[in-house]
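For reference, the structure is listed below as structure tokens.
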Amino acid sequence: MYSRFALVDCARYLFDSLSVRNAASWNTMMSGLVRVGLYGDVMLLFRETQNFSVRPSGFLVSSLIAACDRSGCMFGEGIQVHGFAIKVGLLYDVFVGSCLLHFYGAYKRVFDAQRIFEEMPERNVVSWTSLMFGYLDNGDFENVMYLYQEMRKEEISCNENTFATVIAACSSLEDELLGLKVLAHAVKSGFETKVSVANSLINMLGSLGSLKEAYYVFSHMDERDTISWNSIISAHVQNGLFGESMRFFHLMRHVHKKINSTTLATLLSICSSVDNLKWGKGIHNLVIKLGLDSNVCTCNSLLGMYSEGGRLDDAEFVFKEMPERDLISWNSMMTCYVRGGRSLDVLKLLNEMLQMKKAINYVTFMSALAACSNSEFIAEGKIVHALVILSGLHENLAVGNASVTMYAKSGTMVEAKKVFQMMPKRNQVTWNALIGGLAENEEPDEAVKAFQLMREEGIKADYITLSNVLGACLTPDDLLKHGLPIHAHIVLIGFESNSYVQNSLITMYAKCGDLQSSECIFDGLLNKNTISWNAIIAANAHHGLEEEVLKCIVKMKNAGIDLDQFSFSEGLAAAAKLAVLEEGQQLHCLAVKHGLDLDPFVTNAAMDMYGKCAEMDDMLRILPQPLNRSRLSWNILISAFARHGYFQKARETFNEMLEMGLKPDHVTFVSLLSACSHGGLVDEGLAYYAAMSKEFNVPPGIKHCVCIIDLLGRSGRLIEAETFINEMPVPPDALVWRTLLASCKSHGNLELGKKAAEHLFKLDPSDDSAYVLYSNICATTGKWDAAEDVRRQMGSYNIKKKPACSWVKLRDQVVLFGMGDQTHPQTSEIYAKLGELRKLIKEAGYVTDTSFALQDTDEEQKEHNLWNHSERLALAFGLINTPNGSTIKVFKNLRVCGDCHSVYKFVSGIIMRKIILRDPYRFHHFSGGQCSCCDYW
């Protein structure tokens, strides 16, 4: 009696008081211990039976096996009990055999369970059902149905557990007809009213979308247990009906009174979206109120919700507060860090698990490998791969796929191919990982070759395969050689209507230079979703059509399509390139409204936008804390400081980045070297360049070399710049010679400028900047005939100089000015304002520097031409149309003229207003007669 009511202490006291104990006493005591979950005590009590020479029975051995089964961590003890059953001749006891079947099934050893089942001389319904459950638990639903059919052939009557198991298999197979046949058999056998059968039926109908029928079964149940309520809640959750799920949960709490970890896990699984996250937090509060925050399963569900909802801080809090963690807890937190881009934290958790000798499985290693899937962590990735091999999991298919992906995304395709070739088994995911890696590493021929080999091996391509191989096509030649034939193959195999493939086609045509075909495919889509819009947005961005990007985002929003992190990132990037602050702010506000402002991609894009729109305070306001800052965030910060003339801050940020343990990459050094170049920090820049490869293993690229040439050239060390070019680790391109030519123009070195120009003419005869720069050098050195010859040469080649223009953003309007522009309605006011400014600054000591007027005319005409420069017209317009005291922002497409720079300084001091001028190279902040560049730019 005491055992039956879980009063195990009382039962044990009475048991120990017995002077004489028979087999029934021992059996009853063991059964009671199993019932309350004291599985270790069961084994201790069994050892006592040996001391008292108790004759083992089938009931006693069954209790022992049940204890090993339910504990989930006593597989070794279970094997020993199996051996004991053989020794005492109880192996073929039908109850012992059935318990062994369930034991091996629970530990995923279905092969062993099948072998025992086949050797059993006598099988009852429990035996059949135990093996079925083992197959069900291992996801082998076909074998569940096979056993059910064999059972019927042998005319073994099913019980309610049999029907519940078989209906669950039908649900997983998504076979409604088969499920209804089993239901008919259950009704005929009189089990349709049994709780476990009804529960399985609700689950099956819910998974098939038949909610009306599921509710009918639920509402007609004579008796409902907790599983019944969980089943009807789960049915609505599976079909995305959050409101109905919460309504049933409310009823459950008031009618049934009991809830468990499964109830909460089911509800939390649908609470990760922005709209539902507040309900998830409410359920979290309920968990604490009910004292379930110490329940591992419930905490794991909370981890999953916060992870999927992008709430990394909340997930971290739950994990750290957990009094007990299982393997799922550790794996969930690792997955959360992977999603949040916190690779170091993933590796720290793995290290902690290894040091604490925690159990590790293939899921653990998949997360660790995913965390190392970039070139920054390739060394750590190789260590994780070595640990995989040491643990014997290298032959696991999922881990093998993760290893191929890790090496491929790190750019080490040689290692990726080695892992691929050594895998004992390869599936569709394996091939997709290889083809995707080859595409990402811009190896189109190899990607297409792998695609052909995949088809030859009989592995069917899916939309991911096709998207990956299309992504390998990057040039017009790739389009003709591979892209068009693959498109034809897609049509042939019937994938042309797949939305993912359609979007990949849009992207492929755009990357290969055929934007018209991209737009044609997009316009032909019947159902345009978020991914479709993102594809056409990316296509326009690839072609430098930033205004079209912003127009597409407006159309997308008006069409009722949700913007995701990619949409916001592209939109913010377009706003940054156009320097349109208002549009950028609107997009950022919308991202906040959608709950995507904390997404790392959106955060970085917003930071870059504010930096390029001269709003440094706003950029610093949304900057993540140093501990949570990705390398991209650090790079954007260093670049912004460099662009705005805060060169020492750029260097300090670099040092802080190193202190935080982050490795700089090639982008970091481009920003850092650019800061040194614009700040005149020549020795510091050269030291960074030397340390780049020696200390940080970052090989010098063409952009780093350009920065060094600019660094030396700006400071007048032109001979050193030329020597550097001759000794460069990479072949010089047009940008290298253009940079040297610009420095020659600044310092009036005609001879070296001629050499640079000749190299430029050879590399790109149609480059207008080469002719313009060389012509300007000739003009500044007084070689007017040579300058005129260069201009005539441009005319004969039909090469036109890119016209200079400046613009001001005023409310929702961008006002553009060209040289001597007189098309604006306020032209007379603009020129009147210029006359006023000219008089004021001359009185303040301004003297025109006519060396910046590159026409062979008299001094008066040169001065007149300078006052027609677009940046002066834009400044006058800004002063007329903006409130007193506000900051004026002017943007120019070419480098600011030196005399205009002087004018801006004088004006800022006289009118006592801050002026910000952005050219393609940097920002100039004018205030009080001074510029942030200190006249070095």
Side-chain angles (χ1 to χ4, degrees), residues 209 238-243 270-279 308-311 339 463-464 466-467 470-471 490 495-511 514-578 580 582-606 608-609 812:
Q238 286 179 70
N239 288 276
L241 299 173
F242 178 76
I270 203 173
C271 290
S272 59
S273 68
V274 175
D275 294 334
N276 296 342
L277 196 60
K278 61 181 179 181
W279 295 102
E308 289 177 23
R311 312 296 293 191
R339 284 176 174 165
Y463 70 92
I464 297 173
L466 298 169
S467 297
L470 286 169
I490 286 167
F495 266 97
E496 75 277 11
S497 58
N498 180 280
S499 60
Y500 292 97
V501 175
Q502 288 171 335
N503 299 331
S504 297
L505 285 167
I506 291 169
T507 305
M508 185 266 291
Y509 278 109
K511 283 185 177 179
D514 188 357
L515 183 60
Q516 188 176 357
S517 292
S518 294
E519 291 172 342
C520 182
I521 294 169
F522 177 77
D523 292 339
L525 297 179
L526 296 176
N527 298 308
K528 297 181 178 73
N529 58 17
T530 302
I531 301 170
S532 314
W533 280 98
N534 285 345
I536 199 65
I537 286 168
N540 281 288
H542 182 77
H543 283 260
L545 302 173
E546 281 77 27
E547 287 186 34
E548 285 302 314
V549 169
L550 295 177
K551 287 177 183 177
C552 282
I553 287 175
V554 172
K555 290 176 186 176
M556 181 180 178
K557 189 173 179 296
N558 291 340
I561 306 296
D562 289 332
L563 279 73
D564 64 6
Q565 57 266 49
F566 184 89
S567 320
F568 284 115
S569 299
E570 285 287 0
L572 289 164
K577 287 176 183 175
L578 292 171
V580 284
E582 288 80 1
E583 286 78 358
Q585 287 173 324
Q586 289 168 14
L587 277 169
H588 190 208
C589 289
L590 196 60
V592 173
K593 185 179 177 182
H594 281 69
L596 289 169
D597 54 311
L598 297 179
D599 179 89
F601 296 103
V602 176
T603 301
N604 288 327
D608 193 45
M609 181 274 295
D812 59 346

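Just so you know, these numbers use all the heavy atoms, side chains as well, and skip hydrogens, waters and symmetry mates.
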Q.
Can you tell me how far apart CD (E583) and CG (L550) are? Round to the nearest 0.5 Å.
A. 6.5 Å

**Q.** Over 12 foreign heavy atoms within 6.0 Å of CG, N527
**A.** no

Q: Provide the closest heavy-atom pair for D514 versus S517 in the form atom of the first, atom of the second, distance.
A: OD2-OG, 2.5 Å

**Q.** Rounded distance (nearest 0.5 Å) linking atom CG of L525 with atom CD1 of I531
**A.** 11.5 Å

Q.
As an exercise, state the distance from OG of S504 to CD1 of I464, rounded to the nearest 0.5 Å.
A. 10.0 Å

(Q) On a heavy-atom basis, which atom in F242 and which in C271 lie closest, and how many Å separate them? (A) CE1-SG, 3.6 Å

**Q.** Heavy-atom closest pair, residues I490 and L505
**A.** CD1-CD2, 4.4 Å

Q) Which atom names give the shortest non-hydrogen contact between V602 and D597, and what distance separates them? A) CG1-CA, 4.4 Å

Q | Residue of the set T530, N529, I536 for which side-chain contact (heavy atoms from CB on, under 4.5 Å) holds with W533 | A | I536

Q. Given the rule in the side-chain contact (heavy atoms from CB on, under 4.5 Å) test, do L466 and N498 qualify, once you have shown the distances and angles that lead to the verdict?
A. CA-CA 10 Å; L466 298 169; N498 180 280; over 6 Å; no

Q: Of all the heavy-atom pairs spanning V549 and A574, show the shortest one and how long it is.
A: CG1-CB, 3.7 Å

Q: Look up atom CG in L587 and atom CE in M609, then write down how far apart they are to the nearest 0.5 Å.
A: 7.5 Å

Q) Can you tell me if CD on E547 sees more than 12 non-hydrogen neighbours from other groups inside 6.0 Å? A) no

Q: Let me know which of I537, L545, N534 forms a side-chain contact (heavy atoms from CB on, under 4.5 Å) with C552.
A: I537

Q: Start with the C-alpha gap between D564 and D599, add the side-chain angles, then the distance that decides, and say whether side-chain contact (heavy atoms from CB on, under 4.5 Å) holds.
A: CA-CA 10 Å; D564 64 6; D599 179 89; over 6 Å; no

Q: Please answer whether the main-chain N or O of L590 pairs with a side-chain N or O of H594 as donor and acceptor at a distance below 3.5 Å.
A: yes

Q) Between S518 (side chain) and A510 (backbone), is there a donor-acceptor pair under 3.5 Å? A) yes

(Q) Given 3.5 Å as the limit, does a donor-acceptor pair link the side chain of N558 with the main chain of V554, or not? (A) yes

**Q.** Atom pair CD1/CG of I553 and L572 - distance to nearest 0.5 Å
**A.** 7.5 Å

Q: Please round to the nearest 0.5 Å and tell me the distance separating atom CZ of R311 and atom CG of L598.
A: 6.0 Å

Q | Side-chain donor or acceptor of T507 paired with backbone N/O of A539 under 3.5 Å | A | no

Q: Show the numbers, then the answer: is there a side-chain contact (heavy atoms from CB on, under 4.5 Å) between M556 and K528?
A: CA-CA 9 Å; M556 181 180 178; K528 297 181 178 73; over 6 Å; no

Q.
If I compare all heavy atoms of A538 with all of F566, which pair ends up nearest, and what's the gap?
A. CB-CZ, 3.9 Å

**Q.** Whether E496 side chain and Q502 backbone form a donor-acceptor pair below 3.5 Å
**A.** no

**Q.** Worked verdict on N540 versus E519 for side-chain contact (heavy atoms from CB on, under 4.5 Å)
**A.** CA-CA 9 Å; N540 281 288; E519 291 172 342; 4.2 Å; yes

